[in-house]
S.K.: 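Take this structure first; my questions come after.
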Amino acid sequence: MYIKTIDFSKFSSIKVGVPIEVLMIERDDEIPKDRMIIGHANNLLVSSSPEPLMMLSKDFSFMELEDEVLTVGCATPTGKLLSFAKKNNLKGFEFISKLPGSIGGMLAMNAGVKSYEIFNILDAIKIDGVWVEKKDIEHGYRFAKLDGVATEVRFKITKGFSTELLDELVNLRSNQPKTASAGSAFKNPEGDYAGRLIEEVGLKGVSKGAMQWSEVHANFLVNHGGGTFEEAKYLIDLAKKKIFEKFNVMLKEEVKLF
Ligand SMILES: Cc1cc2nc3c(=O)[nH]c(=O)nc-3n(C[C@H](O)[C@H](O)[C@H](O)COP(=O)(O)OP(=O)(O)OC[C@H]3O[C@@H](n4cnc5c(N)ncnc54)[C@H](O)[C@@H]3O)c2cc1C
C-alpha cells in the first residue's frame, strides 16, 4: 500500500474538494478497517476534512473470461467493461454505457438505469477477501449492503450484446447536463421524482456560489467552476427542508458526502 495525494477538485466528477491523502490498496494488502473506500468519485462530494480514505490501485483493474464466467476487478473503469462486453458479445451490460465510475462504485451503489441494475446481472462479489453470493447481499434501488470492500465481481455470462438497447439508453441520457456533476443528487422517493419536487419548490436553476440546481435536470447539482463542498451542502439541505415543508417528504441523498 502507498499514499497518493488526490485533488478532488480535479478527480471527482463534480470537481469539488481539495487535495487529500488517500491510501492506495495493492493486490496482497490486508484491507484496513479504519478507512472509507472510494471508487472513481463520480458519486461523491468530498469535504476538506473527510474520514481517512482508501482506494483500490490498478492491481484491481482486470477482466478474465473463462468457462462462461467473467471475473472483473473492482478498480476497472465501467467503460472498459462495456467495451469488453461489446467486443465479446456479452448480454446485459448495455446499461453501463452512461454510468461513469469504477465497478466497485457500481456495486456499492447498485448503479443502474431504469430497470437495469448491476445486481440484476451479477453472481457473486468478493468482499474483504471472501466470495459472497448475490442472494446473501441485501440490495435495492441504488443501495447494496456490502459491509466491506468489494475487490472482484463474478458474472455468469450469456451471449447477445444488444446495440439497439445500447442506443436506446444512450438517447435516454441525452438530456443530462454536460456541466460537472455527481449524477442525481437525491434518490427518487417512491412513486415520484426528486427532480419534480425540486422544481415544485422553486429550486430549479437556483445557485449558491458556483453550485447550482441544474436548469437542464433539476436533480443534478452542477458546478460551474470553483464550487465548494459547503455551497453544495447548502443547496442539498435547502432542497430537503423546502420539500419536507411542502410535501412532507424527506429526500435521501444518492450522492455520498464524505
Ligand atoms: C453525469 C453522471 C451521470 C450519472 N448517471 C447515473 C445513473 O444514471 N445511474 C446511476 O446509478 N448512477 C449514475 N451516476 C453515478 C455514478 O456513475 C455511479 O454511482 C457509479 O457507480 C459511481 O462509481 P465510482 O467508482 O465513481 O464510485 P464513488 O463515487 O467513488 O463511490 C460511490 C460509493 O461506492 C462506495 N465504493 C466505491 N468503491 C467501492 C468498493 N470497491 N467496495 C465497496 N464500496 C465501494 C463508496 O464508499 C461510495 O459510498 C452518474 C454520475 C455522473 C457523474
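Note that ligands are numbered from 1 as they come in the structure, with each ligand's atoms numbered from 1 the same way. The first residue of the sequence shown is numbered 1, and numbering continues consecutively from there. Bear in mind that the values here come from a model prediction, so they are computed numbers and not experimental data.
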S.K.: What residue and atom, counting heavy atoms only, is the protein's closest point to atom 8 (O) of ligand 1, and at what distance?
M.R.: Arg173 NH1, 2.3 Å
S.K.: Using heavy-atom distances only, which candidate in Ala108, Gly148, Ala180 approaches atom 36 (N) of ligand 1 most closely?
M.R.: Ala108
S.K.: Would one find an N or O of Met109, backbone or side chain, under 3.5 Å from an N or O of ligand 1?
M.R.: no
S.K.: For atom 49 (O) of ligand 1, which protein heavy atom lies nearest, and how many Å away is it?
M.R.: Lys256 CG, 3.5 Å
S.K.: For ligand 1, is there an atom lying under 4.0 Å from some heavy atom of Phe258?
M.R.: yes
S.K.: Closest non-hydrogen protein atom to atom 29 (O) of ligand 1, residue and atom name please, with distance?
M.R.: Asn43 N, 2.8 Å
S.K.: Would you confirm whether the ring centroid of Phe229 sits within less than 6.0 angstrom of the ring centroid of Phe8?
M.R.: no
S.K.: Give the atom numbers and elements of ligand 1 that come within less than 4.0 Å of a heavy atom of Val149.
M.R.: 42 (N)
S.K.: Using a cut-off of 6.0 Å, state whether more than 12 heavy atoms not belonging to Tyr141 lie near its atom OH.
M.R.: yes
S.K.: Anything under 30° is parallel, anything over 60° is perpendicular, the rest tilted; go ahead and classify Phe93 against Phe155.
M.R.: perpendicular
S.K.: Are any of the N or O atoms of Ala41 closer than 3.5 Å to those of ligand 1?
M.R.: yes
S.K.: Look at atom 16 (C) of ligand 1 and find which of Pro100, Ser102, Pro77, Ala111 reaches it with the closest heavy atom.
M.R.: Pro100
S.K.: Count the heavy atoms of every other residue, nucleotide or ligand shown that sit under 6.0 Å from CZ of Phe247, and state whether that count exceeds 12.
M.R.: yes
S.K.: Considering Ser13, Gly183, Ala150, Gly112, which one's heavy-atom position lies nearest to atom 10 (C) of ligand 1?
M.R.: Gly112
S.K.: Would you mind listing which atoms of ligand 1 come within a distance below 4.0 Å of any non-hydrogen atom of Ser181?
M.R.: 1 (C), 53 (C)
S.K.: For atom CD of Glu51, is the number of surrounding heavy atoms from other residues, nucleotides or ligands below 6.0 Å larger than 12?
M.R.: no
S.K.: For the 3.5 Å polar cut-off, considering only N or O atoms, please tell me whether Gly101 and ligand 1 meet it.
M.R.: no
S.K.: If you measure every N or O of Gly39 against every N or O of ligand 1, does any of those distances drop under 3.5 Å?
M.R.: yes
S.K.: Do the side chain of Lys91 and the main chain of Phe161 share a donor and acceptor less than 3.5 angstrom apart?
M.R.: no
S.K.: What are the atoms of ligand 1, with element, lying closer than 4.0 Å to any heavy atom of Leu56?
M.R.: 41 (N)
S.K.: For ligand 1, which atoms sit closer than 4.0 Å to a heavy atom of Leu146?
M.R.: 43 (C)
S.K.: Closest heavy-atom contact between Lys15 and Asn223?
M.R.: O-ND2, 3.0 Å
S.K.: Please confirm whether Met106 comes within less than 3.5 Å of ligand 1 when only nitrogen or oxygen atoms on both sides are compared.
M.R.: yes
S.K.: Could you tell me whether Lys178 atom NZ has more than 12 heavy atoms of other residues or ligands within 6.0 Å of it?
M.R.: yes
S.K.: For atom 31 (O) of ligand 1, which protein heavy atom lies nearest, and how many Å away is it?
M.R.: Leu44 CD2, 3.7 Å
S.K.: Find all atoms of ligand 1 within a distance of less than 4.0 Å from any non-hydrogen atom belonging to Ile38, and give their numbers and elements.
M.R.: 30 (O), 37 (C), 38 (N)
S.K.: Does ligand 1 have any atom sitting under 4.0 Å from a heavy atom of Met36?
M.R.: no
S.K.: Considering only the protein, which heavy-atom contact is closest to atom 46 (C) of ligand 1, and what is its distance?
M.R.: Ile37 O, 3.2 Å
S.K.: Flag yes if more than 12 heavy atoms outside Lys86 fall under 6.0 Å of its NZ atom; otherwise flag no.
M.R.: no
S.K.: Report the nearest protein non-hydrogen atom to atom 23 (O) of ligand 1: residue, atom name, distance rounded to 0.1 Å.
M.R.: Gly105 CA, 3.5 Å
S.K.: If you count the non-hydrogen atoms of other residues, nucleotides and ligands that lie under 6.0 Å from NZ in Lys134, is the total more than 12?
M.R.: yes
S.K.: Can you pull out the closest protein heavy atom to atom 13 (C) of ligand 1? Residue, atom name and distance to 0.1 Å, please.
M.R.: Leu99 CD2, 3.8 Å
S.K.: As a check for students: among Val255, Asn42, Ile127, identify the option with a heavy atom nearest to atom 26 (O) of ligand 1.
M.R.: Asn42
S.K.: Would you indicate which of Glu254, His40, Lys114 comes nearest to atom 24 (P) of ligand 1 when only heavy atoms are counted?
M.R.: His40
S.K.: Treating Glu152 as the side-chain partner and Gly73 as the backbone partner, does any N or O pair qualify as donor plus acceptor under 3.5 Å?
M.R.: no
S.K.: Does atom NZ of Lys98 have more than 12 heavy-atom neighbours, drawn from other residues, nucleotides or ligands, at distances under 6.0 Å?
M.R.: no
S.K.: Should the ring pair Phe186 and Trp213 be called parallel, tilted or perpendicular, given that the plane angle runs from 0 to 90° and is split at 30 and 60?
M.R.: parallel
S.K.: Does atom NZ (Lys159) have a neighbourhood of more than 12 heavy atoms from anything else shown, all under 6.0 Å?
M.R.: yes
